[in-house]
Structures are given as C-alpha cells and as structure tokens.
Amino acid sequence: MQYQKLRKARRTLKATDGFIWHNDVLFSGFALPFIVVAATSLKNAAALCIAMLFSTVPTALIMSFIPVKFPKWLRAPLACIFSMIFVLLSYFPIQFISLEIFDSIGIFLPLVAVSSLIFELSDSNLHGKWADATIGAGMRTLGFAAVAIIAGFIRELLGSGTIWGIAVMKYKIPGFLPVFSGFILTAFLAAAIRQIWRAIMAAYIRAENPLPDLKEKERSGMA
Amino acid sequence: MKLIAREAPHIHHNDSAKTVMGDVILSLLPIYFISYCFYGLRAVVLGLISVVTCCIADIICNKLRGRRINFYDLSPVVTGMIIALMLPASIGYDVVIAAGLFAILVAKHPFGGVGQNIFNPAAAGLAFAVASWPTKVFSYPQLFEKLPIFTEFTGKLTESSVSVLNMGGVPLLDKSEMFLGILPGPMGATNILVIIACLIFLSYRKTISLYQFIPFVGGVAVISMLLPRVSVGAAESFALEIMSGSILFGGVFMLSDPATSPKRRFSRVLYGFTAGLLAMIIRLTSGFEQPVVFAILIMNIFSELFDPITDRIYSYIERRGKDAISKIKKGTQNT
Amino acid sequence: METIFKFILMALTAITLENAVFARGFGVFRAYKMSSKPRTLAAFCISITCLTFMTSLLTWSASWLIGEFLPEAPIVYIRPFVFLICAILAYLIFYPLAAKVKPASFAEFKDLIPMAAFNCTVLGASLISAHQSLPFESWAGFGLGTGIGYFIAALIVNYGRSLIHIADIPRVFKGLPIMLLFIGLVSLALYGLVGHQLPI
C-alpha cells in the first residue's frame, strides 16, 4: 500500500495543529465549559473568542521567554496572572458587542484566564521558540473559535430562533439552551469531525491505492 | 453444535425480546383505546406519529451502523407508544417528534442500541420534552373535548391535579374519578384502573417484576406520608400523590425496562424503592409534574451497582451464617 | 447552630443541584482524562476539594475587604484578579504543606497540584458565591461542596467509562464523544432536580 500522499497531507495539516488537525476542543476536550455552558448565542461565542485570543497568544509569547530553569510548579500561576491581565484588557473590545454581553456570559469571561488551554500553554516545552509558541497558541484559539461559533450559531438559531439577536425563525426548541444540550451538541460535533477526518484519510489512501477491478482480474485469469 | 444468534436483552427464559416487547405493546393498546374515548382520534394519531418517528430513526441508525434491520425488534415501537402516552393529547406533533428523535438518536444508538443502552430512551426523550417545553407539556385539554387532528389545538387548557398539589391545594376531585382517570392529565397516565390491569397482565406474563414495582410504590408512600404537601391525613396524601400525574404509569412501563434494571431480586427491591423515593423528592424540589422520568434517568446511572452490592450483602450474610453454625457445632461438641 | 445548618445546606446544594461538572461543565476535561486511572483521579479530586475550600475562605475575606475599603472600585475588573491572587495564595500554602504532610504521595502526584489549583472549578466556585452575595458560612459551604461535588462527579464519569467500555459503541462515538453524551444525559437527569436553568 502507498501512503506518500497521505503522509504529505499530514505534514501540511500538522501546521494547523489545534485548529484543523486535532482540534483542541473536539479531539482533546479542552475549554469545554465555555462551549457547553456559555456559548448559547453568537454574541457570547464572539466575546469568548476575543477573550481567548487576548489571553492565549500573549501568554504563550511571554511564557516562551521564561527560562527553562524557572521552577515548574510556579509556571502555572505565572501564566494565569498574565492571562488574567490580558482577559481584563479584552473587556474593552468585548463591550462593543452588546450592552448585556457581560450579564449573558456571567462568570465565564474571567474564567477564560484559568482554562485548560492556558495550563497546557504554560506547560509546553517551547522555551525560546517564540514564533512557534505564538503560532501554536493562535491555532488553538482558532480551533476554539471555530467550535464556539458553530455551537453558538446552532444553539441560538434552534434555541432562540435568532442570529446575532435578530429574529429569523418563529419556531424554536428551548431545549438547546441548557447545559445538557451543550454537552450533547459538542458530542455530536466531535463525532462528526472524527467521521469527516476518517473519510478524508480514506479518500487519500484510496486515491493512491485504487481497488483492483475484479472483472478485469477474472478475464485476465481466464485468458 | 448449532449456534443461534439472538438480539439483546438476553433473558434466560422461553420468551425472547420480541415476546417481551409484544406483551408491553398489547398492554399499551387498551390505554390508547381509553385515550381515544377521552380525546378522540388525535390521541391515536399522536401515538402513530411517535411510533413512526422512533421506527424511522431506528432504521436510519441501523443503516448508518451497517447493521441489518431487524423487523422483530419492537423496542422503537414501545418507546414511541410510551412517549405519546405521557404527553397531553393537545400537544403539538413537533414535541412528540423531537422527543422520539432524542430518545433514539441520543439515548439509544450512540450507547450501543437495544439491550445495551444505559438510559431508558423513552425517559430521556420525555425529559428532553419537559426541559424544552414545560408549559406545553404540563397543560392539558378537558376530557371529551373535540381535538383537531391536523391543526393545533387553540381551546382552553387546564392544569392537572399535580399542579394543584404543587400549589398546596387539594384537588377537588372524587377518588373514584381519579381512579378511573376522569381528570385532565397526560393522555395515558391518568386511568389508574387500566394501568393496574396492565400491571397484572405484565406480571402474569413475567414481563415485569413486582419485586421492583411494589417497593417503588413503597418509596412513593414513605415520602408522601412523611412529608405531605397538603394538610390531609397520611393515607389521603399517598392516594393523592400516587393517583396524580404519571408516577404509576412510569413505575409500570418505564422502571421495569429489562436493559436498564438490575437482575437479582433483592437488587430490584432496592432499585424500585430508591426510584420511588427519588421520584417524590424530585416532585417536592423541582415541582415538575413528571418527576418519574428524571428519577428513572438518575437510577439508570446507578442500576449496574445494585447487583454487586447485593452480592456483597449475600456473601456477608452467608459468611456470618457459616460462622454462627460452626460456633454452635463447636459448642455442642464441647458439651 | 443556624450557621452550621446553612453551611451544610449550601454544601449539599453545591454537590447535587449546582454540581460543578454536571450543572456548569467545570473540569470536564480533567475528569475525563483521569477517569481511567483511579489513584490519580482520587489524588486530583482531594487536591481540588482542599484548594477550592481554602480559596473560598480567602476570597470571602478579599471580597469583604474590597467591600469595606474600596466600595467605589470597578468590581468587574478588580474581583477576578483579586480572586486569582487568592487562588495562587491557596496554592502556595497547599503545595509545601502537601510535601510535608504526605511526602510519598506528594512525590508521586506533585504534577497534579498546579492542575488542581488553576482550573475553572476553584475560581468558578468563588465567582459564583460572590455573584450570589452569599454570607460567610454559605460561601465556605459552597466552596467545600463544589470540591466534594467534583469528586463525586469524577467518580460517576469513571463509573460511566466502565459501563460504556463493554458496550458496542459506534466507532465515531468512541472516546470523548460518548463520554460527553453520558455527561450530558446525567446533566439532563439532574436538571429535573433543579427545575430550571441555573444563572451563569
């Protein structure tokens, strides 16, 4: 069996690790509370994306400059302090999304500073590799943003009948808004992404290794 | 040696999954007939839509999983019939369809399908309907009201006796009316007489276990008598609670699902009793009129724990018994 | 007596009705990742319980001080930062204390302590208590109850994993998706106890 095309595709896609390749939320389960509880509308999802961008990228950049000798058990609190400062700075652009955005997200906005993504960034071995750290954090944020926006869109459309607060549908299923539906929707999104990936990988393998034509084989065998 | 492949649940009995489900369907048919008498053709149409939704969802899931369709698997039919009977006759068809799809697509097939599901699909579907549309699910039409089949019901909707109890009042109904189901409520859950007749039939056919149902009623009795919601006697409080809402219906048709119930007798006693306690606690804390579906979901989580616990109790009793017997023997030998 | 009753009541509320995992989705990732290793799970959950309780005590004090000396301060900005500092203080107390009290277990599980200290459960419990303006005994009870509730939720996730392991799950659902479905249905079951959506 030939795997060259598949290997080439994997090498290209690994640059998007955390976003397209092995999305952090759907494959690993990072930052789930924000998707499951808080991302009940597009506005909430947008606010969470801004907060996550402000917290992860600068924190990853700063942590990449922290020397290797710095005690490991102090890296996490340091990362969280930086992250919290940047999350509080993100309040400025977030307030322009809507007047009630801080009420609708509640405690989940400051909690972005202590999400599992921040902990993973503080624990990564990218000392001195500031470009890799920044790109990696950016990819992870994009991965989170993609899932948050999809989940927020679906839950707002089906749960409230609106998109970005504008009524588009009369029919709604309020059961899409509580926490349990967030878990169930995320589970189906995770299953869907796995199926899509499996189909893409299978297509690459099949392109390089086409199935033998059985009728041709029989004819050549008979001849 | 001839090996015969059978679908789960694997019951060590002459009966098969087909006969078990068939018995349940037979026992639900009289309830549908009573609903037809009370609410007209809409009750039957609701049941049909629910059954068709569940069956189509089941077929699609089986196809996606690459399994062959088993036409003798009547579990989606049972799920569909139960879902419709726990809802008001005036409910929109969208609610029934949503509950049926949730039951099959979320609670049943992702966990392995028939016989392997952790949660009762009908209970999960109904819980979703209650959480999504509490006002619609807890508003009931009057009996003998002409309900339209193809359009939404726009007439007057009323509360059930459970709602009156929630507000601390005593339902102004005769006990005989409550027993015969001549009161607003879920389509199939109000006629206590027919439900008891179905219980007798199913227990005679050994489809359901009285070791589970009677302790369930006992659990309901304990809470309703110790913590009555209205200022009446203990027996009166128990009668009001058991004949209101869908507690009895849930106890007969949903609690005894063979895939989600424990296997040993004592485990079933404990399971049923705890489910009864939990159903009444949920009724007291949340005020939901259908606490039995949530109680069953919570009990489903822990159902597999009851058998090992019972095994440990039995082995402890056996060990203590053997120790006691050996002590007696030693004592008699010494004398 | 009333104080103890309020403490216990709030703790029970945090364990059941406002469970950290099933009602608010806190710490799902960690509970799922560690559910295959019972000893690690137990050590992690004990750490979270202690840290959540200690952080609750410190955050109540900080909240009281802010209210007394900085009543005009923009609470939206100050409170999260101050609460994070309290969580770090609790961590700085707990880490060496754990090393001294249980050196053998500490050596085995010391990498879990930062994970237990800096997650949504610890800070979230304090933020919820502040949002609801709870008195001291309820605040402390909520903190302790959140930790214990997380422990129980993690045990349920571990138990669910063992149930699901023996079933014929479709391939696309194996792993994280089926665990999320299981947690979602448990959350639906507990929704019945509450009767309404909890405020966030």
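All heavy atoms count here, side chains included; hydrogens, waters and symmetry mates do not. Below, read A as the first sequence line, B as the second, and so on, with proteins coming before strands; counting in each chain starts at 1.
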Under 3.5 Å, what donor-acceptor pairs does chain A form with chain B?
residue, atom, partner, partner atom, Å
A:Y171, OH, B:D94, OD2, 2.7
A:G175, N, B:S132, OG, 3.3

[X], [atom1]: over 12 other non-hydrogen atoms inside 6.0 angstrom:
X	atom1	result
A:Y204	OH	no
A:F96	CZ	yes
B:I69	CD1	yes

Query raised in the report: Below 4.5 Å, heavy atoms only, C-beta onward: do B:F128 and A:I184 meet side chain to side chain?
Result: no
**Report entry** Set of side chain to side chain donor-acceptor pair (under 3.5 Å) partners for A:T56, sequence neighbours left out
**Finding:** A:T141
